[in-house]
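What follows is a single structure, written as C-alpha coordinates, with notes after it.
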Number of protein chains: 2
Amino acid sequence: MNSDFTLAIHSITYLALQLDRMSTSDAISESAGVHPVRIRKVLSLLKKHGFIKSKEGTGGGFIFARDLSEVNLWDIYKITSEGALQPKCPDSNEACVVGANMQRVLIDIFLGAEEHLGEYLKHYTLKDIVDLIYKEN
Amino acid sequence: MNSDFTLAIHSITYLALQLDRMSTSDAISESAGVHPVRIRKVLSLLKKHGFIKSKEGTGGGFIFARDLSEVNLWDIYKITSEGALQPKCPDSNEACVVGANMQRVLIDIFLGAEEHLGEYLKHYTLKDIVDLIYKEN
DNA sequence: TGTACTGTAATGCTAATCGTTACAGATTAG
DNA sequence: CTAATCTGTAACGATTAGCATTACAGTACA
(Lines give C-alpha, C1' and ligand atoms only; values in the text may rest on other atoms or scores of the structure.)
Protein backbone atom coordinates (compact mmCIF):
# COMPACT_ATOMS: atom_id res chain seq x y z
CA MET A 1 0.00 0.00 0.00
CA ASN A 2 1.35 3.44 -0.87
CA SER A 3 0.90 6.33 1.53
CA ASP A 4 -1.99 8.07 -0.24
CA PHE A 5 -4.42 6.78 2.37
CA THR A 6 -2.54 8.11 5.37
CA LEU A 7 -1.70 11.30 3.53
CA ALA A 8 -5.38 11.82 2.80
CA ILE A 9 -6.26 11.25 6.44
CA HIS A 10 -3.59 13.68 7.52
CA SER A 11 -4.71 16.35 5.08
CA ILE A 12 -8.40 16.09 5.76
CA THR A 13 -7.78 16.10 9.50
CA TYR A 14 -5.75 19.25 9.05
CA LEU A 15 -8.69 20.79 7.23
CA ALA A 16 -11.02 19.58 9.96
CA LEU A 17 -9.15 21.83 12.38
CA GLN A 18 -9.43 24.85 10.07
CA LEU A 19 -13.10 24.73 9.28
CA ASP A 20 -13.43 28.51 9.12
CA ARG A 21 -10.80 29.24 6.48
CA MET A 22 -9.03 27.78 3.48
CA SER A 23 -5.69 26.01 3.84
CA THR A 24 -3.06 25.99 1.12
CA SER A 25 -1.28 22.85 -0.08
CA ASP A 26 1.90 24.48 1.17
CA ALA A 27 0.60 24.70 4.72
CA ILE A 28 -0.65 21.11 4.70
CA SER A 29 2.55 19.82 3.15
CA GLU A 30 4.52 21.47 5.90
CA SER A 31 2.43 19.66 8.49
CA ALA A 32 2.65 16.31 6.73
CA GLY A 33 6.28 16.54 5.68
CA VAL A 34 5.75 15.86 2.00
CA HIS A 35 5.83 17.85 -1.20
CA PRO A 36 2.91 20.23 -1.87
CA VAL A 37 2.29 18.64 -5.26
CA ARG A 38 1.54 15.32 -3.61
CA ILE A 39 -0.94 17.04 -1.33
CA ARG A 40 -2.69 18.60 -4.28
CA LYS A 41 -2.79 15.27 -6.07
CA VAL A 42 -4.37 13.47 -3.14
CA LEU A 43 -6.74 16.30 -2.34
CA SER A 44 -7.94 16.44 -5.92
CA LEU A 45 -9.27 12.92 -5.33
CA LEU A 46 -11.07 13.97 -2.17
CA LYS A 47 -12.48 16.94 -4.01
CA LYS A 48 -13.72 14.78 -6.86
CA HIS A 49 -15.77 12.88 -4.30
CA GLY A 50 -17.14 15.97 -2.62
CA PHE A 51 -15.38 15.70 0.70
CA ILE A 52 -13.60 19.00 0.30
CA LYS A 53 -13.80 22.11 -1.83
CA SER A 54 -11.00 24.07 -3.37
CA LYS A 55 -10.45 27.52 -4.75
CA GLU A 56 -7.67 28.74 -6.97
CA GLY A 57 -5.95 32.09 -6.85
CA THR A 58 -4.95 34.42 -4.06
CA GLY A 59 -6.58 33.52 -0.75
CA GLY A 60 -7.57 30.18 -2.23
CA GLY A 61 -6.83 26.70 -0.97
CA PHE A 62 -8.77 23.74 0.38
CA ILE A 63 -11.61 23.51 2.86
CA PHE A 64 -13.60 20.69 4.39
CA ALA A 65 -17.11 20.40 2.92
CA ARG A 66 -18.97 17.83 5.03
CA ASP A 67 -19.96 17.07 8.56
CA LEU A 68 -17.13 15.70 10.68
CA SER A 69 -19.07 12.70 11.94
CA GLU A 70 -20.41 11.92 8.51
CA VAL A 71 -17.05 11.02 6.97
CA ASN A 72 -15.24 7.85 8.00
CA LEU A 73 -11.94 6.19 7.17
CA TRP A 74 -13.54 3.62 4.90
CA ASP A 75 -14.79 6.44 2.68
CA ILE A 76 -11.25 7.71 2.38
CA TYR A 77 -9.77 4.25 1.91
CA LYS A 78 -12.10 3.51 -0.97
CA ILE A 79 -11.07 6.71 -2.72
CA THR A 80 -7.34 6.41 -2.27
CA SER A 81 -6.52 2.73 -1.93
CA GLU A 82 -9.33 0.39 -2.92
CA GLY A 83 -7.88 -2.92 -4.07
CA ALA A 84 -4.57 -2.29 -2.34
CA LEU A 85 -4.92 -5.48 -0.33
CA GLN A 86 -5.27 -7.58 -3.45
CA PRO A 87 -2.16 -9.64 -4.04
CA LYS A 88 -0.59 -9.62 -7.46
CA CYS A 89 -0.20 -13.30 -8.18
CA PRO A 90 2.23 -14.20 -10.93
CA ASP A 91 0.71 -16.37 -13.62
CA SER A 92 0.85 -19.81 -12.16
CA ASN A 93 0.87 -23.16 -13.84
CA GLU A 94 -2.50 -24.16 -15.31
CA ALA A 95 -1.32 -27.76 -15.56
CA CYS A 96 -1.14 -27.99 -11.77
CA VAL A 97 -4.26 -28.25 -9.60
CA VAL A 98 -2.87 -25.73 -7.18
CA GLY A 99 -1.56 -23.35 -9.80
CA ALA A 100 -4.74 -23.49 -11.83
CA ASN A 101 -7.06 -22.65 -8.94
CA MET A 102 -5.05 -20.74 -6.38
CA GLN A 103 -5.51 -17.33 -7.94
CA ARG A 104 -9.30 -17.60 -7.91
CA VAL A 105 -9.28 -18.78 -4.30
CA LEU A 106 -6.91 -16.03 -3.17
CA ILE A 107 -8.82 -13.29 -4.93
CA ASP A 108 -12.02 -14.31 -3.14
CA ILE A 109 -10.28 -14.44 0.22
CA PHE A 110 -8.67 -11.05 -0.20
CA LEU A 111 -11.89 -9.48 -1.41
CA GLY A 112 -13.46 -10.73 1.79
CA ALA A 113 -10.53 -9.37 3.76
CA GLU A 114 -10.94 -5.92 2.31
CA GLU A 115 -14.65 -6.00 3.02
CA HIS A 116 -13.86 -7.02 6.57
CA LEU A 117 -11.34 -4.21 6.86
CA GLY A 118 -14.05 -1.86 5.69
CA GLU A 119 -16.26 -2.79 8.63
CA TYR A 120 -13.43 -1.80 10.94
CA LEU A 121 -12.57 1.45 9.20
CA LYS A 122 -16.20 2.53 9.09
CA HIS A 123 -16.10 2.89 12.85
CA TYR A 124 -13.61 5.75 12.69
CA THR A 125 -15.19 9.05 11.72
CA LEU A 126 -13.20 12.19 11.16
CA LYS A 127 -14.59 13.43 14.43
CA ASP A 128 -13.03 10.43 16.16
CA ILE A 129 -9.70 11.18 14.54
CA VAL A 130 -9.80 14.80 15.67
CA ASP A 131 -10.62 13.67 19.19
CA LEU A 132 -7.74 11.20 19.14
CA ILE A 133 -5.36 13.91 17.96
CA TYR A 134 -6.17 15.98 21.02
CA LYS A 135 -6.30 13.08 23.45
CA GLU A 136 -3.25 12.65 25.64
CA ASN A 137 -1.26 9.45 25.10
CA MET B 1 2.36 -5.93 0.86
CA ASN B 2 4.83 -8.12 -1.01
CA SER B 3 3.80 -11.53 -2.28
CA ASP B 4 5.46 -13.64 0.41
CA PHE B 5 2.10 -14.25 2.03
CA THR B 6 0.38 -15.56 -1.08
CA LEU B 7 3.49 -17.48 -2.09
CA ALA B 8 3.55 -19.14 1.31
CA ILE B 9 -0.11 -20.08 0.97
CA HIS B 10 0.50 -21.44 -2.49
CA SER B 11 3.51 -23.47 -1.39
CA ILE B 12 2.00 -24.91 1.74
CA THR B 13 -1.17 -25.81 -0.13
CA TYR B 14 0.95 -27.58 -2.68
CA LEU B 15 2.55 -29.55 0.15
CA ALA B 16 -0.87 -30.25 1.62
CA LEU B 17 -1.68 -32.19 -1.53
CA GLN B 18 1.53 -34.21 -1.35
CA LEU B 19 1.39 -35.32 2.24
CA ASP B 20 3.01 -38.68 1.53
CA ARG B 21 6.21 -37.46 -0.10
CA MET B 22 8.67 -34.60 -0.23
CA SER B 23 8.34 -31.86 -2.83
CA THR B 24 11.32 -29.97 -4.22
CA SER B 25 11.49 -26.20 -4.49
CA ASP B 26 11.75 -26.71 -8.24
CA ALA B 27 8.39 -28.49 -8.40
CA ILE B 28 6.69 -25.89 -6.24
CA SER B 29 8.23 -23.02 -8.17
CA GLU B 30 6.88 -24.50 -11.37
CA SER B 31 3.40 -24.55 -9.89
CA ALA B 32 3.64 -21.02 -8.52
CA GLY B 33 5.45 -19.46 -11.46
CA VAL B 34 8.32 -17.96 -9.49
CA HIS B 35 11.99 -18.70 -9.01
CA PRO B 36 12.92 -21.72 -6.84
CA VAL B 37 15.14 -19.57 -4.64
CA ARG B 38 12.15 -17.49 -3.60
CA ILE B 39 10.29 -20.65 -2.68
CA ARG B 40 13.17 -21.82 -0.54
CA LYS B 41 13.38 -18.43 1.14
CA VAL B 42 9.69 -18.37 2.02
CA LEU B 43 9.63 -22.00 3.04
CA SER B 44 12.59 -21.52 5.32
CA LEU B 45 10.36 -19.17 7.31
CA LEU B 46 7.59 -21.75 7.51
CA LYS B 47 10.13 -24.34 8.56
CA LYS B 48 11.51 -22.10 11.29
CA HIS B 49 8.04 -22.03 12.77
CA GLY B 50 7.50 -25.76 12.51
CA PHE B 51 4.81 -25.82 9.86
CA ILE B 52 6.90 -27.86 7.46
CA LYS B 53 10.03 -29.98 7.51
CA SER B 54 12.80 -30.10 4.97
CA LYS B 55 15.54 -32.46 4.01
CA GLU B 56 18.63 -31.75 1.98
CA GLY B 57 20.27 -34.03 -0.51
CA THR B 58 18.97 -36.53 -3.02
CA GLY B 59 15.32 -37.36 -2.52
CA GLY B 60 15.03 -34.37 -0.20
CA GLY B 61 12.66 -31.44 -0.33
CA PHE B 62 9.81 -30.07 1.79
CA ILE B 63 6.91 -31.75 3.51
CA PHE B 64 3.97 -30.54 5.56
CA ALA B 65 4.39 -31.24 9.26
CA ARG B 66 1.07 -30.39 10.93
CA ASP B 67 -2.60 -31.18 10.80
CA LEU B 68 -4.43 -29.48 7.91
CA SER B 69 -7.19 -28.06 10.06
CA GLU B 70 -4.75 -26.87 12.68
CA VAL B 71 -3.02 -24.29 10.49
CA ASN B 72 -4.82 -21.14 9.41
CA LEU B 73 -4.03 -18.14 7.24
CA TRP B 74 -3.42 -15.87 10.19
CA ASP B 75 -0.57 -18.15 11.28
CA ILE B 76 0.98 -17.76 7.86
CA TYR B 77 0.33 -14.03 7.70
CA LYS B 78 2.07 -13.46 10.99
CA ILE B 79 5.14 -15.30 9.78
CA THR B 80 5.42 -13.71 6.36
CA SER B 81 3.83 -10.29 6.57
CA GLU B 82 3.19 -9.09 10.11
CA GLY B 83 3.22 -5.30 10.14
CA ALA B 84 2.67 -5.06 6.40
CA LEU B 85 -0.47 -3.00 6.93
CA GLN B 86 1.43 -0.39 8.90
CA PRO B 87 1.82 2.79 6.91
CA LYS B 88 5.23 4.35 6.67
CA CYS B 89 4.52 7.93 7.70
CA PRO B 90 7.13 10.48 6.73
CA ASP B 91 8.40 12.50 9.66
CA SER B 92 5.76 15.12 10.10
CA ASN B 93 5.94 18.53 11.69
CA GLU B 94 6.13 18.45 15.48
CA ALA B 95 5.19 22.11 15.64
CA CYS B 96 1.75 21.32 14.21
CA VAL B 97 -0.96 19.67 16.31
CA VAL B 98 -1.84 17.36 13.46
CA GLY B 99 1.73 16.57 12.48
CA ALA B 100 2.79 15.97 16.06
CA ASN B 101 0.04 13.49 16.86
CA MET B 102 -1.06 11.92 13.60
CA GLN B 103 1.56 9.21 13.54
CA ARG B 104 0.61 7.92 16.97
CA VAL B 105 -3.07 7.92 16.06
CA LEU B 106 -2.50 6.16 12.75
CA ILE B 107 -0.27 3.51 14.25
CA ASP B 108 -2.96 2.64 16.77
CA ILE B 109 -5.63 2.48 14.11
CA PHE B 110 -3.58 0.28 11.82
CA LEU B 111 -2.59 -2.01 14.65
CA GLY B 112 -6.30 -2.45 15.30
CA ALA B 113 -6.89 -3.05 11.62
CA GLU B 114 -4.31 -5.81 11.50
CA GLU B 115 -5.80 -7.41 14.57
CA HIS B 116 -9.20 -7.22 12.93
CA LEU B 117 -7.82 -8.75 9.77
CA GLY B 118 -6.44 -11.54 11.93
CA GLU B 119 -9.90 -12.46 13.12
CA TYR B 120 -10.94 -12.87 9.50
CA LEU B 121 -7.89 -14.87 8.42
CA LYS B 122 -8.16 -17.21 11.39
CA HIS B 123 -11.33 -18.58 9.87
CA TYR B 124 -9.47 -20.05 6.90
CA THR B 125 -7.63 -23.25 7.72
CA LEU B 126 -5.40 -25.03 5.23
CA LYS B 127 -8.11 -27.64 4.98
CA ASP B 128 -10.52 -24.93 3.86
CA ILE B 129 -8.06 -23.79 1.21
CA VAL B 130 -7.61 -27.31 -0.11
CA ASP B 131 -11.38 -27.69 -0.29
CA LEU B 132 -11.70 -24.39 -2.14
CA ILE B 133 -9.03 -25.46 -4.62
CA TYR B 134 -11.07 -28.49 -5.55
CA LYS B 135 -14.44 -26.77 -5.47
CA GLU B 136 -15.90 -25.82 -8.83
CA ASN B 137 -16.32 -22.12 -9.49
C1' DT C 1 32.77 -39.56 -5.06
C1' DG C 2 29.36 -37.69 -8.00
C1' DT C 3 24.60 -36.19 -7.98
C1' DA C 4 20.57 -33.97 -6.09
C1' DC C 5 18.90 -31.39 -2.95
C1' DT C 6 18.48 -27.18 0.75
C1' DG C 7 20.28 -22.69 2.68
C1' DT C 8 21.73 -18.22 1.98
C1' DA C 9 24.43 -14.33 0.41
C1' DA C 10 25.26 -11.26 -3.37
C1' DT C 11 24.20 -8.91 -7.61
C1' DG C 12 21.45 -6.75 -10.91
C1' DC C 13 17.01 -5.67 -13.21
C1' DT C 14 12.46 -3.65 -13.06
C1' DA C 15 8.63 -1.26 -11.38
C1' DA C 16 6.54 1.54 -7.83
C1' DT C 17 6.95 5.47 -5.15
C1' DC C 18 7.92 9.93 -4.39
C1' DG C 19 10.22 14.56 -5.03
C1' DT C 20 10.79 18.15 -8.09
C1' DT C 21 10.29 21.14 -11.99
C1' DA C 22 7.43 23.31 -15.16
C1' DC C 23 3.66 25.60 -16.68
C1' DA C 24 -1.35 26.50 -17.75
C1' DG C 25 -5.60 28.25 -15.67
C1' DA C 26 -8.18 30.82 -11.96
C1' DT C 27 -8.68 34.43 -8.74
C1' DT C 28 -7.68 38.45 -6.29
C1' DA C 29 -5.11 42.79 -4.88
C1' DG C 30 -3.23 46.92 -6.27
C1' DC D 1 -4.78 45.69 -16.58
C1' DT D 2 -1.10 43.42 -14.42
C1' DA D 3 1.43 41.14 -10.90
C1' DA D 4 1.02 37.94 -7.27
C1' DT D 5 -0.92 33.80 -5.32
C1' DC D 6 -3.15 29.93 -5.62
C1' DT D 7 -4.83 25.08 -7.77
C1' DG D 8 -4.40 21.40 -11.43
C1' DT D 9 -1.58 18.34 -13.96
C1' DA D 10 1.92 16.51 -16.78
C1' DA D 11 6.64 15.25 -17.13
C1' DC D 12 11.13 13.89 -15.56
C1' DG D 13 14.46 11.93 -12.17
C1' DA D 14 15.94 9.86 -8.02
C1' DT D 15 15.26 6.47 -4.67
C1' DT D 16 13.61 2.31 -3.03
C1' DA D 17 11.34 -2.26 -2.80
C1' DG D 18 10.43 -6.47 -5.07
C1' DC D 19 12.07 -10.07 -7.48
C1' DA D 20 15.02 -13.03 -10.62
C1' DT D 21 19.22 -14.83 -11.08
C1' DT D 22 23.83 -16.44 -10.09
C1' DA D 23 26.89 -18.52 -7.09
C1' DC D 24 28.39 -21.53 -3.88
C1' DA D 25 28.64 -23.90 0.71
C1' DG D 26 26.52 -27.66 3.29
C1' DT D 27 23.97 -32.13 3.52
C1' DA D 28 22.32 -36.58 2.15
C1' DC D 29 22.26 -40.42 -0.64
C1' DA D 30 23.52 -43.86 -4.35
Side-chain angles (χ1 to χ4, degrees), chain A residues 1-8 10-12 14-15 18 21-30 32-65 80-81 83-92, chain B residues 1-8 10-12 14-15 18 21-49 51-65 80-81 83-92:
Chain A
M1 187 152 43
N2 67 19
S3 58
D4 282 3
F5 182 39
T6 55
L7 204 50
H10 193 123
S11 302
I12 206 169
Y14 186 100
L15 297 182
Q18 309 280 335
R21 54 178 153 170
M22 303 212 111
S23 308
T24 67
S25 59
D26 258 48
I28 303 171
S29 81
E30 204 171 326
V34 300
H35 200 276
V37 171
R38 279 201 69 204
I39 299 290
R40 296 206 287 271
K41 225 177 280 180
V42 170
L43 289 190
S44 88
L45 287 175
L46 293 179
K47 183 192 174 184
K48 211 168 287 175
H49 289 81
F51 291 101
I52 62 175
K53 288 177 181 165
S54 72
K55 209 174 76 176
E56 305 182 6
T58 305
F62 301 89
I63 196 163
F64 189 61
T80 58
S81 305
L85 240 55
Q86 243 53 31
K88 33 193 171 343
C89 311
D91 292 335
S92 45
Chain B
M1 187 152 44
N2 67 20
S3 57
D4 282 2
F5 182 39
T6 55
L7 245 191
H10 192 122
S11 303
I12 205 168
Y14 186 99
L15 297 183
Q18 309 281 334
R21 53 180 155 171
M22 302 212 110
S23 307
T24 67
S25 59
D26 257 48
I28 303 171
S29 82
E30 204 171 325
S31 166
V34 300
H35 200 278
V37 170
R38 278 202 70 205
I39 299 289
R40 297 206 286 271
K41 225 178 281 183
V42 170
L43 289 190
S44 87
L45 287 174
L46 294 179
K47 183 192 174 185
K48 212 169 289 176
H49 289 80
F51 291 101
I52 62 175
K53 287 177 183 167
S54 71
K55 209 175 76 177
E56 305 182 5
T58 305
F62 301 90
I63 196 163
F64 189 59
T80 58
S81 306
L85 240 56
Q86 244 53 31
K88 33 192 172 342
C89 312
D91 292 335
S92 46

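Chain A is the first sequence line, chain B the second, and so forth, proteins listed ahead of strands; every chain is numbered from 1.
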With a strict under 4.0 Å distance from non-hydrogen atoms of chain B, what nucleotide opens and what nucleotide closes the contacted stretch of DNA chain D, reading 5' to 3'? D:dG18 to D:dC29

Is any side-chain heavy atom of A:Leu15 closer than 4.5 Å to one of A:Ile63? no

From B:Ile52 atom CD1 to B:Leu45 atom CG, the distance as rounded to the nearest 0.5 Å: 9.5 Å

Pairs satisfying side-chain hydrogen bond (donor to acceptor under 3.5 Å, both in side chains), at least one member in residues 25-34 of chain B, at least two apart: B:His10-B:Ser31, B:Ser25-B:Arg40

Residue closer to the 5' end of DNA chain C, A:Gly59 versus A:His35 (nearest nucleotide): A:His35

Short side-chain to backbone donor-acceptor contact, B:Thr24 and B:Ala27, under 3.5 Å: yes

Applying side-chain hydrogen bond (donor to acceptor under 3.5 Å, both in side chains), which residue pairs with at least one partner in residues 47-60 of chain A are found, sequence neighbours left out? A:Lys47-A:Ser54

If each of B:Gly33 and A:Glu56 is mapped to the nucleotide of DNA chain D with the nearest heavy atom, which maps nearer the 5' terminus, i.e. the 5' end? A:Glu56

Between atom OG of A:Ser44 and atom CD1 of A:Ile39, what is the distance when rounded to the nearest 0.5 Å? 11.5 Å

Taken in chain and number order and not counting sequence neighbours, the residues that satisfy side chain to side chain contact (heavy atoms under 4.5 Å, CB included) with B:Ser3 are B:Thr6, B:Arg38

Within the structure provided, determine whether A:Thr80 and A:Leu7 are in side-chain contact (heavy-atom separation under 4.5 Å). no

Looking at residues 42-55 of chain A, who's got a heavy atom less than 4.0 Å off DNA chain C? A:Lys55

Using heavy-atom distances to pick each residue's nearest nucleotide on DNA chain C, tell me which of A:Val34 and A:Thr58 is more 5'. A:Val34

Any side-chain heavy atom of A:Leu46 sitting closer than 4.5 Å to one from A:Ile12? yes

With sequence neighbours left out, what residues match B:Gln18 under side-chain hydrogen bond (donor to acceptor under 3.5 Å, both in side chains)? B:Arg21

Hey, what bend do you get for the helix from C:dT1-D:dA30 to C:dG30-D:dC1 if you fit axes on five pairs at each end, rounded to 10°? 0°

Shoot me the first and last contacting nucleotide of DNA chain C against chain B, ordered 5' to 3', at under 4.0 angstrom to non-hydrogen atoms. C:dT3 to C:dA9

Does A:Phe5 have any ring-ring contact (aromatic ring centres under 6.0 Å, His included) partners at least two apart in sequence or in another chain, and if so, which? A:Tyr77, B:Phe110

With a 4.0 Å cut-off on heavy atoms, is B:Arg38 in touch with a base, just the backbone sugar-phosphate, or nothing at all? sugar-phosphate

OG (A:Ser23) and CD1 (A:Ile28) are apart, to the nearest 0.5 Å, by 5.5 Å

Do you know the tightest heavy-atom contact between A:Phe51 and A:Phe64? O-CD1, 3.6 Å

